[in-house]
2 protein chains.
Amino acid sequence: MKKSNPPTIREIARLVGVSVNTVSRALNNKPDVSPETKKNIIKTAQLLNYTPNAIARALVQRSTRTIGMVMSDISDPFFGEMVKDAEVFFRSRGYNLILCNTQENFDQEKHSIETLINKRVDGILLTPVGRNGENLQEILKNRVPIVLLGRHFDEPIAPSVTSNDERGGYLATQHLLELGHHKILFINVFHHISSAHDRFLGYQKALREFGIDYDESLLIHASFDLDDVYQKTKKFFYQSGKVTAVIVFCDILAISVMKAVIDVGLTIPRDISIVGFDNINISSLLPIPLTTIDPNKKKMVETASELLLEAIRLDNIKAGNLSIEPTLTIRSSTILSV
Amino acid sequence: MKKSNPPTIREIARLVGVSVNTVSRALNNKPDVSPETKKNIIKTAQLLNYTPNAIARALVQRSTRTIGMVMSDISDPFFGEMVKDAEVFFRSRGYNLILCNTQENFDQEKHSIETLINKRVDGILLTPVGRNGENLQEILKNRVPIVLLGRHFDEPIAPSVTSNDERGGYLATQHLLELGHHKILFINVFHHISSAHDRFLGYQKALREFGIDYDESLLIHASFDLDDVYQKTKKFFYQSGKVTAVIVFCDILAISVMKAVIDVGLTIPRDISIVGFDNINISSLLPIPLTTIDPNKKKMVETASELLLEAIRLDNIKAGNLSIEPTLTIRSSTILSV
DNA sequence: TTGTAAGCGTTATCAA
DNA sequence: TTGATAACGCTTACAA
């Protein structure tokens with residue numbers, strides 16, 4: 001009186017009068033099944049409203065055709081755009097995506113990875129929280145294919161695909177220096193994030209090359225919180241403030257910085273030039289279109305995804321970082337220094 | 001020579017010298033297992049680096065603890081923010097999220113739903129492409145719990161949680177009318193999206209109440225493409241252009257509209273007031289903070305998710321729409337008409 | 001071309 | 001407190 005479970009190939013087999021094996025082969029378009037029985041099987045399958053149970057299949061085939069994607073915050077357009085590209089890529093290859101937020105939280109990252117392993121995803125795309133692979137021990141032991149996306153570890157213990165962030169930092173700084181800016185504020189996030197670390201390196205390198213001493217009072221550390229960045233920027237300009245340009249870790253925070261600069265009574269780009277990173281979709285459509293470092297997100301995602309599929313196929317994980325060359329996209333937020 | 005498959009409870013059982021059943025019960029903290037054997041089992045489980053196979057468990061328990069989420073475009077901040085809220089909600093309840101993009105494409109929606117059913121998700125959260133439930137036949141036949149999020153069907157054939165969009169459209173229009181604007185452009189997306197349809201209804205209702213005739217030349221239909229909106233807005237202002245205010249379907253498109261208005265040589269809000277919908281994160285941090293209708297996304301997501309869990313528990317799907325009251329958030333993009 | 005039987009890694013049912 | 005044994009729904013050798 002209680003069973004209304006979904007139909008199975010067994011039921012189809014019974015109704016058609018063949019074995020389950022035949023049904024399985026018919027439904028999977030395998031050879032060696034007569035057109036007639038095949039027709040019958042398909043007909044009754046539709047009749048019963050049969051849907052194959054991917055769970056049962058996954059159990060025997062040891063493949064779920066599912067990829068785990070772990071990143072800090074999907075609501076951040078940078079990640080959202082990457083997730084979208086990844087979803088499109090994997091969908092076209094017959095994979096689905098399980099998404100996990102870490103909120104830059106180490107324990108949450110660890111827990112997410114464990115859950116994904118339990119669910120037997122075929123592979124994992126991870127934007128790691130830290131710069132060492134501590135949370136990856138589990139993964140490496142379990143030999144789950146993994147590729148890091150957008151950030152890498154200090155030691156090459158896992159394959160990763162990132163933007164060449166040092167180069168990006170360099171390009172941003174060089175651009176401003178060439179425009180005549182000498183006092184350049186760098187608003188960064190925590191250095192335990194490899195991209196933050198590397199971009200800052202590029203900034204320093206460019207300064208050095210232009211013979212400008214690095215002034216540590218021109219470095220602000222903020223969190224990913226938009227309001228935090230807003231407040232800190234405002235405070236900086238109220239107190240010290242003698243800069244003509246700002247580099248911000250990413251576009252979304254740069255938007256916050258723009259507002260702070262405006263609210264402090266300065267004009268962009270006349271008084272202050274601003275450069276961001278990521279080239280998110282809206283950056284070009286802001287009232288003051290943002291000059292930014294374009295990491296070529298799509299290429300990053302596709303390279304990483306391709307690599308992951310290869311790791312899945314070959315059951316062979318080769319560590320090391322692959323970096324994609326970024327480009328400088330000049331818009332209206334930067335201008336010659338007066 | 002080829003098997004290095006992950007360890008199973010069978011192996012643990014063999015090593016400890018107990019039955020698989022005992023291992024299963026020990027690992028799941030079930031009663032009736034002596035502390036000593038339990039300790040042994042847990043120890044060897046760790047030794048083997050055992051991770052439970054959620055697929056096998058799902059097969060027998062008929063529950064994957066996975067929710068399917070189908071929406072048009074994760075890279076759109078509005079959806080991204082909702083996905084994030086949903087992920088947080090379901091994570092805390094022990095569920096994961098499989099994400100699917102539809103790109104407002106009917107076939108892709110259908111295909112996504114089928115895949116999710118095959119993968120035996122416990123429930124589906126869907127932002128449907130159309131206003132009829134054509135693509136849901138499959139689901140209803142298969143009795144997969146589903147809740148619509150952000151959009152509803154004309155006929156109440158599925159439970160849904162939306163913002164009260166007609167009210168939202170009304171609030172936006174009323175606000176502008178009260179500021180003395182009489183010529184209000186409405187930039188909308190396709191009316192086969194229920195929220196677009198309903199917001200427009202609210203717009204018309206407010207005009208009626210203020211005794212203003214609806215002028216159909218003040219309605220622009222755009223796609224979700226930022227550039228499309230930009231071009232159409234620019235064209236409007238170059239050609240006809242005699243309006244003092246604009247209502248835009250959503251904030252992300254409103255940003256594009258702002259740029260078009262600025263590029264046409266007008267000033268916001270002095271010449272043109274603008275109202276959006278969604279209250280996405282950056283709206284308050286734009287150089288000109290955007291007046292918008294706040295749909296209370298978080299409450300929407302949590303209500304829908306709660307409803308879905310209930311539907312899963314009770315195996316009982318009651319159709320009908322539940323609408324969350326929106327609020328008007330006034331910022332700097334709207335001002336008294338001169 | 002088709003069928004039989006084993007197995008995927010769990011949990012659940014019932015005895016012991 | 002434990003252990004056989006049978007599911008769960010499918011695929012895959014191998015045999016017929």
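Nearest nucleotide to the Ser34(A) side chain, out of dA12(C), dT10(C), dT2(C): dT2(C). Of all nucleotides listed (dA12(C), dT2(D), dC10(D)), dC10(D) comes nearest to the side chain of Arg57(A). Distance from the side chain of Val60(A) is smallest to dC8(C) among dA4(D), dC8(C), dT2(C). Listed nucleotides dC8(D), dT10(C), dG3(D) differ in distance to Arg25(B); the shortest reach to its side chain belongs to dG3(D). Side-chain atoms of Asp32(B) lie closest to dT2(D) of the nucleotides dG3(D), dT2(D), dC10(D).
In this structure, the NZ atom of Lys38(B) is 13 Å from the C1' atom of dT1(D), given to the nearest Å. The interatomic distance linking Arg14(A) (CZ) with dG9(D) (P) rounds to 13 Å, in whole Å. The nearest whole Å value for the distance from the NZ atom in Lys119(A) to the P atom in dT10(C) is 15 Å. In this entry the distance linking CD1 of Ile9(B) with P of dA4(D) reads 14 Å, nearest Å. Atom pair Asn5(A):CG and dC10(D):C1' shows a separation of 15 Å (rounding to whole Å applied). In this structure, Glu11(B) atom CD and dC8(C) atom C1' are separated by 13 Å, rounded to whole Å. As rounded to whole Å, 17 Å separates atom C1' of dG3(D) from atom CD1 of Ile12(B). Atoms CG (Asn28(B)) and C1' (dG9(C)) sit 13 Å apart, rounded to a whole Å.
Ion pair Lys84(B)/Asp73(A) flagged as a salt bridge, since at least one NZ, NE, NH1 or NH2 atom sits closer than 4.0 Å to an Asp/Glu carboxylate oxygen.
Not one side-chain nitrogen or oxygen of Ser19(A) sits closer than 4.0 Å to the OP1 or OP2 atom of dT2(C). Close to dA12(C), at under 4.0 Å from its OP1 or OP2, lies a side-chain N or O of Lys30(B). The side chain of Arg62(A) places no N or O atom within less than 4.0 Å of a non-bridging phosphate oxygen (OP1 or OP2) of dC8(C). A sub-4.0 Å separation between OP1 or OP2 of dG3(C) and a side-chain N or O of Thr22(A) is present. Under 4.0 angstrom from either OP1 or OP2 of dC8(C) there lies at least one side-chain N or O belonging to Arg10(B). Phosphate proximity of dA12(C) to Ser24(B): absent, as no side-chain N or O sits under 4.0 Å from OP1 or OP2. For Gln61(A), a side-chain nitrogen or oxygen approaches OP1 or OP2 of dT12(D) to under 4.0 Å. For Thr37(B), a side-chain nitrogen or oxygen approaches OP1 or OP2 of dT2(D) to under 4.0 Å.
Applying the 3.5 Å distance criterion, the base of dT11(C) shares no donor-acceptor pair with the side chain of Asn21(B). Residue-to-nucleotide contacts include no donor-acceptor pair under 3.5 Å from the side chain of Asn53(B) to the base of dT11(C).
Between Pro31(B) and Tyr50(A), the residue anchored nearer the 5' end of DNA chain D, judged by the nucleotide with its closest heavy atom, is Pro31(B). When the nearest nucleotides of DNA chain D are assigned to Leu59(B) and Val33(B) by heavy-atom distance, the more 5′-ward of the two goes with Val33(B).
Residues Asp85(B) and Glu302(B) are not in side-chain contact: their nearest non-hydrogen atoms beyond the backbone lie 4.5 Å or more apart. Considering only heavy atoms from C-beta on, Phe106(A) stays 4.5 Å or farther from Lys110(A) through its side chain. In this structure, the side chains of Ser112(A) and Arg91(B) come closer than 4.5 Å at one or more pairs of heavy atoms. At least one side-chain heavy atom of Glu310(A) sits less than 4.5 Å from a side-chain heavy atom of Leu314(A).
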Assess the residue pair Arg25(B) and Asp32(B) against the criterion (salt bridge (Lys or Arg N to Asp or Glu O under 4.0 Å)); give the C-alpha distance rounded to whole Å, side-chain angles, the decisive distance to 0.1 Å, and a yes or no. CA-CA 8 Å; Arg25(B) 292 213 320 286; Asp32(B) 289 342; 5.9 Å; no
